[in-house]
Amino acid sequence: MVRSNKNKVIIVGCGPGLKAYIPPKALYYIKKADILVGSRRLLQLFQDNNAHKIVLEKDYRSMIDRIANWSATKQVVVLVSGDPCFFSYAKMIVKTLGRESCKIIPGISSIQLAFAAIGESWDDACFVSLHGRDNEYERLVEELRQHKKVGILTDQRNTPCVIARQLVKCGLRGWKMYVCENLSMPSERISEFELTRAMNIKTQKAVVVILIKT
Ligand SMILES: C[S@@+](CC[C@H](N)C(=O)[O-])C[C@H]1O[C@@H](n2cnc3c(N)ncnc32)[C@H](O)[C@@H]1O
């Protein structure tokens with residue numbers, strides 16, 4: 001059964017951080033929400049919105065049950081960063097509730113902004129997320145052996161310098177590492193290193209790494 005939009009859970013991509021990157025269609029659904037669910041940072045973007053705001057902490061699974069219950073009578077809008085279809089909570093929500101119960105509004109991914117910032121196309125790139133995943137290095141090395149351009153989502157453990165050390169340890173050389181920090185924010189910084197030179201760099205919290213074969 002296809003449900004009406006009213007009962008669908010709307011999952012909205014909020015882009016890389018700056019509100020100006022949120023598309024009008026996303027703002028339209030956010031404005032109509034009875035309940036807004038999202039991280040503290042994303043909810044703060046909509047302080048003036050009258051919807052009831054629910055902070056998402058680490059309770060991802062149990063939150064989906066609550067979202068399902070609320071959605072029977074209320075319009076629930078879930079805010080996610082970047083694009084919902086790129087390494088996000090949306091995957092778990094859609095898998096649990098079913099496609100017919102969800103509507104996804106795309107957003108601008110941090111990866112898109114990172115490639116734009118360095119002036120490179122991403123149609124010939126492959127992507128790996130190290131966000132919350134420590135076991136992906138083998139796959140990353142495999143991808144680097146097969147591709148010339150790789151975009152990587154990082155986290156506080158898998159930082160650019162940790163990535164550089166792991167890759168150098170695996171014998172990889174001849175890669176340029178672009179480090180794209182706090183994209184769209186006033187503290188945005190884009191830097192470029194030869195891989196071995198990135199082994200001791202200090203970086204901020206939100207970082208996309210792009211590796212390009214030289
Ligand atoms: C859980 S993933 C979410 C990705 C998101 N769905 C997207 O499309 O960008 C979080 C990771 O995205 C990257 N990220 C998100 N916002 C960023 C920003 N403003 N600047 C740099 N990297 C960002 C970082 O690698 C961060 O650890």
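This is a predicted model, so every value here is computed, not measured. We count ligands from 1, going down the list as the structure has it; atoms in each ligand are counted the same way.
- Residue L153 has at least one heavy-atom neighbour below 4.0 Å for each of these atoms of ligand 1: 2 (S), 4 (C), 12 (O), 13 (C), 25 (O).
- Of the heavy atoms in V207, only backbone atoms (N, CA, C, O) come closer than 4.0 Å to ligand 1.
- Near D83, meaning under 4.0 Å from any of its heavy atoms, are these atoms of ligand 1: 6 (N), 7 (C), 8 (O).
- Within 6.0 Å of CG in N135 there are 12 or fewer heavy atoms belonging to other residues, nucleotides or ligands.
- At a 4.0 Å heavy-atom cut-off, ligand 1 touches F87 through the backbone alone.
- Nearest non-hydrogen protein atom to atom 19 (N) of ligand 1 is P16 O, 2.7 Å.
- At least one N or O atom of T154, backbone or side chain, sits closer than 3.5 Å to an N or O atom of ligand 1.
- Within 6.0 Å of CZ in R41 there are more than 12 heavy atoms belonging to other residues, nucleotides or ligands.
- Atom 1 (C) of ligand 1 has its nearest heavy-atom neighbour, among H131, Q156, R189, in H131.
- The structure places CZ of F115 at 6.5 Å from NZ of K149, a figure rounded to the nearest 0.5 Å.
- Nearest protein neighbour of atom 18 (C) of ligand 1, counting heavy atoms only, is L183 N, 3.6 Å.
- Near A206, meaning under 4.0 Å from any of its heavy atoms, are these atoms of ligand 1: 17 (C), 18 (C), 20 (N), 21 (C), 22 (N), 23 (C).
- Remark: ligand 1 atoms within the under-4.0 Å shell around heavy atoms of S109 are 7 (C), 8 (O), 9 (O).
- Counting non-hydrogen atoms of neighbouring residues, nucleotides and ligands closer than 6.0 angstrom, the CG atom of D124 exceeds 12 such neighbours.
- Within the 4.0 Å heavy-atom criterion, neither part of L113 lies near ligand 1.
- Counted within 6.0 Å of CH2 on W122, heavy atoms from surrounding residues, nucleotides or ligands total 12 or fewer; the atom is thus considered open.
- Proximity to F86 (heavy-atom distance under 4.0 Å) selects the following atoms of ligand 1: 4 (C), 5 (C), 6 (N), 8 (O).
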Exercise for review: Test I111 against F87 for side chain to side chain contact (heavy atoms under 4.5 Å, CB included), laying out the working first.
Suggested key: CA-CA 11 Å; I111 278 283; F87 295 107; over 6 Å; no

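- With atom 5 (C) of ligand 1 as the reference point, the heavy atom nearest to it among S81, C85, A90 is part of S81.
- When the heavy atoms of P84, S110, S88, S129 are ranked by distance to atom 17 (C) of ligand 1, first place goes to S110.
- Residue C180 has at least one heavy-atom neighbour below 4.0 Å for each of these atoms of ligand 1: 21 (C).
- Interface of V208 with ligand 1, defined as ligand atoms under 4.0 Å from a residue heavy atom, comprises 21 (C), 22 (N).
- Against a heavy-atom cut-off of under 4.0 Å, G82 is close to the following atoms of ligand 1: 5 (C), 7 (C), 8 (O), 9 (O).
- With hydrophobic clusters built from ILVMFWY side chains whose heavy atoms lie under 4.5 angstrom apart, I212 does not share a cluster with M177.
- The number of heavy-atom neighbours closer than 6.0 Å to CD of Q146, taken from other residues, nucleotides and ligands shown, is above 12.
- The closest side-chain heavy-atom distance from R66 to D59 is below 4.5 Å.
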Exercise for review: Determine, step by step, whether V77 and V37 satisfy the side chain to side chain contact (heavy atoms under 4.5 Å, CB included) criterion, reporting the C-alpha distance in whole Å, the side-chain angles of both residues, the deciding distance to 0.1 Å, and the verdict.
Suggested key: CA-CA 6 Å; V77 172; V37 179; over 6 Å; no

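- Looking at every heavy atom in both residues, N158 comes nearest to L130 through ND2-O, 2.9 Å.
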